[in-house]
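Quick caveat, the model's predicted, so the values are computed rather than measured.
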Amino acid sequence: MDLTKEHARKVYRAMVTARLLEAKFSSLYKAGQIVGGVYLGKGQEAVSASIGGRLEMGKDIFAPLIRDQAGRTAFGEDMLDATRTYLGSVKGPMRGRDGNIHRGRPKEGLIAMISHLGTSLSVLGGMLKARQIQGRMDGCVGATCIGDGATSTGSFHEGLNYVAVEKLPVVVVVADNQFAYSTPSSKQYACDDLIDRAKGYGLVGHSVDGTDTLACASVIGGAVDAARRGEGPQMVVAKLLRLGGHGEHDDGSYIPEEIRTSHYGRDCIEVGKAQLFERGWLSEDELAEWENEAKREVQAAVTKAQKEDAPDPYREDWSSLSRGSFRNW
Amino acid sequence: MDLTKEHARKVYRAMVTARLLEAKFSSLYKAGQIVGGVYLGKGQEAVSASIGGRLEMGKDIFAPLIRDQAGRTAFGEDMLDATRTYLGSVKGPMRGRDGNIHRGRPKEGLIAMISHLGTSLSVLGGMLKARQIQGRMDGCVGATCIGDGATSTGSFHEGLNYVAVEKLPVVVVVADNQFAYSTPSSKQYACDDLIDRAKGYGLVGHSVDGTDTLACASVIGGAVDAARRGEGPQMVVAKLLRLGGHGEHDDGSYIPEEIRTSHYGRDCIEVGKAQLFERGWLSEDELAEWENEAKREVQAAVTKAQKEDAPDPYREDWSSLSRGSFRNW
Amino acid sequence: MSVTYIDAIKDAQYKALESDESVFIYGQDIGAFGGAFKATKGLQDKWPERVMDAPISEDAMIGMAIGAAIEGMRPIIEMQFADFSSVGFNQIVNNAATHYYRTGVPVPITVRMPSGGTPGSGPFHSQSIEAIYSHYPGCVVLTPATVSDAYHMLLEGVAMDDPVIYCEHKLLYRWLKSDDYEGDGLRLPIGKARVTRPGKHATVVTYSAMVHEAVRAAEMLQSEGWEIEVVDLRSVKPLDTDTVVASVARTGRLLAVGESFPWGGVTAEIVSRVMKEGFHLLDAPPMRLNAKDSPIPYHPKLWAAHRPTPESICHALKELLAY
Amino acid sequence: MSVTYIDAIKDAQYKALESDESVFIYGQDIGAFGGAFKATKGLQDKWPERVMDAPISEDAMIGMAIGAAIEGMRPIIEMQFADFSSVGFNQIVNNAATHYYRTGVPVPITVRMPSGGTPGSGPFHSQSIEAIYSHYPGCVVLTPATVSDAYHMLLEGVAMDDPVIYCEHKLLYRWLKSDDYEGDGLRLPIGKARVTRPGKHATVVTYSAMVHEAVRAAEMLQSEGWEIEVVDLRSVKPLDTDTVVASVARTGRLLAVGESFPWGGVTAEIVSRVMKEGFHLLDAPPMRLNAKDSPIPYHPKLWAAHRPTPESICHALKELLAY
Ligand SMILES: Cc1ncc(C[n+]2csc(CCOP(=O)(O)OP(=O)(O)O)c2C)c(N)n1
Ligand SMILES: Cc1ncc(C[n+]2csc(CCOP(=O)(O)OP(=O)(O)O)c2C)c(N)n1
Ligand SMILES: [Mg+2]
Ligand SMILES: [Mg+2]
């Protein structure tokens, strides 16, 4: 696609905001203030924001995965949703019943993932299929991110095949960060590049350097546009590296030095900054302002969530069934 | 591969024998003498015998699927195994506990499939991996057949990825007969040809016309040879048509006339006969002799199995656990 | 006119499609072919957009249904056999069944499970899977035993806002007949068990096809002067403890019968509930009768000995009555 | 020297690899990384060919183990969390667990299941899955509660010729300590329950981490003069009915406690068996205490109220004792 200044700035701003938000979660985690584990998207912001930023909340559907804070931010998820969820506020979207990256707002097009990898894609497909039956597709697109490791799940395969067979307007972004937890890609797949899978499903395939911010904005944005134009399901494989451990409990020391210092070890935030500066699409001052604004917002969200109540077991109704099941009883 | 007369004749003889054996099962089914359902391989004999016939029982491993009587015959499965299983003799390999195509002799390299499609491939992979660990690979090959429909299972995907990652000497033969039960391929996959999947797993891919008997013998045999030579896992996609219903309870009337009368509607047995005759690799007399021999054998097996006892519930031990679990109790 | 259990399932789906535009059916071979058991015969003709063939992808089929339900649809998913739901197990218990609790958004999906044994079907086309979906929180599990229940409970299940596991027994499909969908007794809401046959000497609590085997056993014992009460649970989750306890209060003796495997499951849940609520009501130890603890055998002779039969139910009842 | 529950699991695997060449370990991140819980730390260094990393393919992992077992190996499969075994469910219950019955060829695989709740782990990293693998025929299901049992039962499980589901409780990993693997009481074979704490007023039957919660509850009640017997099942399939019934014969009162969901499961099986075998022994209705019938909540405050605790066990016991 023709990359516009507007889209590039939107993507980059979400990246910067997400990085700062996640840095806060990391320090809160180290301070023992987080409920449960913390899983960050450091190094994957360009890929993630490029997909989330090309979708429109309220119209499109997004199924983020482990490392998609930037995509969520770009999509328009309220920062309070993340903050409340990590800090265990009952006011978060999951009300303390589920945590961290599992949060979502399905009715607003943000799928709440379960931990079992690969399972969101068919859910996304079903949401789109429903709209198709209801005649309210309205040019919407559904997108999901997935890691290299999760491509090995049967669930992902079935979901991918489903959206392909139904020719739904879907974009699947595979963030191939070369590791699944500690497991290198050589133990995960045997093809040269995961993009080789696209053809076998009948998908349009795109490859991109996941550390190249503007390339991501362009290629991934272009895939969304193609899906929206009715060109069928799209698959993007972005090559990159997770710039940290699997979660904040993990130092990622198993990632060899030569991979860390390789091309994909570079930081997309730095790359993006240089790219935007070079094009004159962003100034130092503006960036500083974005950063300050993000920091203020982060601090405000944390302060607010920290004051909120934890869920109260005595007020919890513990019901796994909705009232609606009982309407005929 | 260079197709030898010997291999071609072996393949074709198994095809002829299997066709006659299955015709017998079909008439016994209609006569109400079969226990349970009957699922035939009519039209798929060339593909099936080509894989089974290139393997060596006792050395290699074969995981047949629904339509692999010919492959079983070529591999060396005793005709009595099939006959006893269909007729419900307690002397069959499954002793009445399981039936029809589920029979197998795992210790002799013939995997006993469960109904859940796609699940045998990882089992096959594990058998090979075990031999590798034990240092007794000895040039063996593992092979399995699968239908177009079963390629949609997550289990098949995980198994295929596993054998690819481990670079095991495996041949996966996909018999794309254009239907899964009544469901046409258009509802099953969206790629042009399932062979497009091979690259995405890092497999060597081969395509073949499944109605062309000698092409099957050559291409599928060649894939086995390649795996045996250590060239890694191979995938063959054979295009063809099931010449009958899904099972003998089904008349397959949903298969459109134009597909029945298309190229793939031809009968590989007829094609193979013409090919072997033309090359002078088989004479009318020899064929008649093969057929007579097969008929005699079939009749003998049926007569024998029909005289054998059904399983006796009072002598059944009903134990799902082997004695070995109790050795320390 | 006479209708069968499979007619009930087909007609209920017809009615659901007709009266609610948000209903659709999805499953393998359920379109033009009408399904492995013909439960959807003719429906695609009438509603081509809402009766759809699926690839062999049980995990994706359930995932798809969850997504569609989030968007306001009420999908009915046909498993070709209940046994294959094991492949969709994860999506059912971990995704569908947790969705309302986690997000507040209910997922009204109905999974039709052709269940139970038939002769010559073997270990993978005969299973009764109600216990595993009942053990996990978040599903309603229906087990109709009559033509009328098959019809009405399917409609009620589709109308519910939560995941419904609808266990239809294959043995009843064509054998079980009724004059009409109102014909075989009092209609009851889901969650209420039915006293199928009144009695006073012992209570058999069961569900699905075993209701009929239990009634046969009761008839066999009648000639010996025993009056056996048979309670049909209708749904195993929710499980109507009150009706069961009330029956045990009358008879003093309990036999819980199920076709599934013996460890845990419905019969254990029944006995445990009765003991808690009606401890002093029992005159004899509560008994259970289930299938054997082995895979379901293929050969009809083995199969018939693997599951409870009128004879083995009689045998158990005699032991119970002799206590 | 002091060893923990996770040490026991690691050391048992070391011993198994060392003493039997047919043993190998397969799982996600279990190689150089040593596993999510470090249960295989250092093992790949010593046996690079027999400690292997798996792709994220639980179905294929179990299938692979079945195949290897057919060829004479004794694989140990680590699920990263028990909850993810739902993806391998079909291969476990339908392939591994039926293989011996169908073919006569046993498949000695051991599936290690990091089970049970810990604070802040949520619905998908907290499950106890023993009931579903016990319901299906064909598996042995082990649930060790002590360091010594964790060690010896893992070794015994690996030595068995059938599929073994080894449920190790994550909460015990580092908290539960012992002097050595012989230290914490009488060694018993699989299939034998242990009386962990003798008593005379009521029996609590439980397993895995709940044994410790039950002992705490018993200690709390001691000050009030109650002597509570705690029975640790050790394996839920086989389930040692005799030891349980003998305990109930002494105390006259039964409380079955489990950490899993309340419908069906281990506690229902216990109650049903005790009622059948020891009906006349009970002075009060048998009780059950399980987790709640909802997904396991994420927040520690909710989680602590979802599962049984010493307090809620005390509460149930008081109700039982007051009867
Ligand atoms: C079915 C399943 N098995 C195992 C896990 C445990 N697990 C969580 S994240 C993870 C690694 C994921 O790797 P990848 O898909 O490459 O994503 P990345 O973490 O690299 O972003 C694993 C194994 C899981 N969540 N689901
Ligand atoms: C997981 C699973 N789902 C459904 C079925 C039911 N089933 C048995 S055979 C079949 C069709 C198989 O089609 P295909 O793989 O193309 O093989 P073919 O019959 O054409 O040889 C189906 C759906 C099954 N066996 N396993
Ligand atoms: Mg990764
Ligand atoms: Mg086919």
Between chain D and chain A, are any donor-acceptor pairs under 3.5 Å, and how far apart is each one to 0.1 Å?
| unit_1 | atom_1 | unit_2 | atom_2 | d |
| --- | --- | --- | --- | --- |
| D:Asp29 | OD1 | A:Ser182 | N | 2.8 |
| D:Asp29 | OD1 | A:Ser182 | OG | 2.7 |
| D:Asp29 | OD1 | A:Thr183 | N | 3.2 |
| D:Asp29 | OD1 | A:Thr183 | OG1 | 2.7 |
| D:Ile56 | N | A:Gln188 | OE1 | 2.9 |
| D:Ile56 | O | A:Thr153 | N | 3.4 |
| D:Ser57 | OG | A:Ser152 | O | 2.8 |
| D:Asp83 | O | A:His116 | NE2 | 2.9 |
| D:Ser86 | OG | A:His116 | NE2 | 3.3 |
| D:Asp293 | O | A:Ser320 | OG | 3.1 |
| D:Tyr298 | N | A:Gly96 | O | 3.4 |
| D:Tyr298 | N | A:Arg97 | O | 3.0 |
| D:Tyr298 | OH | A:Val35 | O | 3.1 |
| D:Tyr298 | OH | A:Asn100 | ND2 | 2.8 |
| D:His299 | N | A:Gly96 | O | 2.8 |
| D:His299 | NE2 | A:Gly88 | O | 3.4 |

* To do: Select one option (side chain, backbone, both, neither) describing which atoms of A:Ile114 are under 4.5 Å from chain D's heavy atoms.
  => both
* To do: Using non-hydrogen atoms and a 4.5 Å limit, figure out which bit of A:Ala310 sits close to chain D: side chain, backbone, both or neither.
  => both
* To do: For chain D, find which of A:Gly149, A:Pro313, A:Pro311 contributes the most heavy-atom pairs closer than 4.5 angstrom.
  => A:Pro311
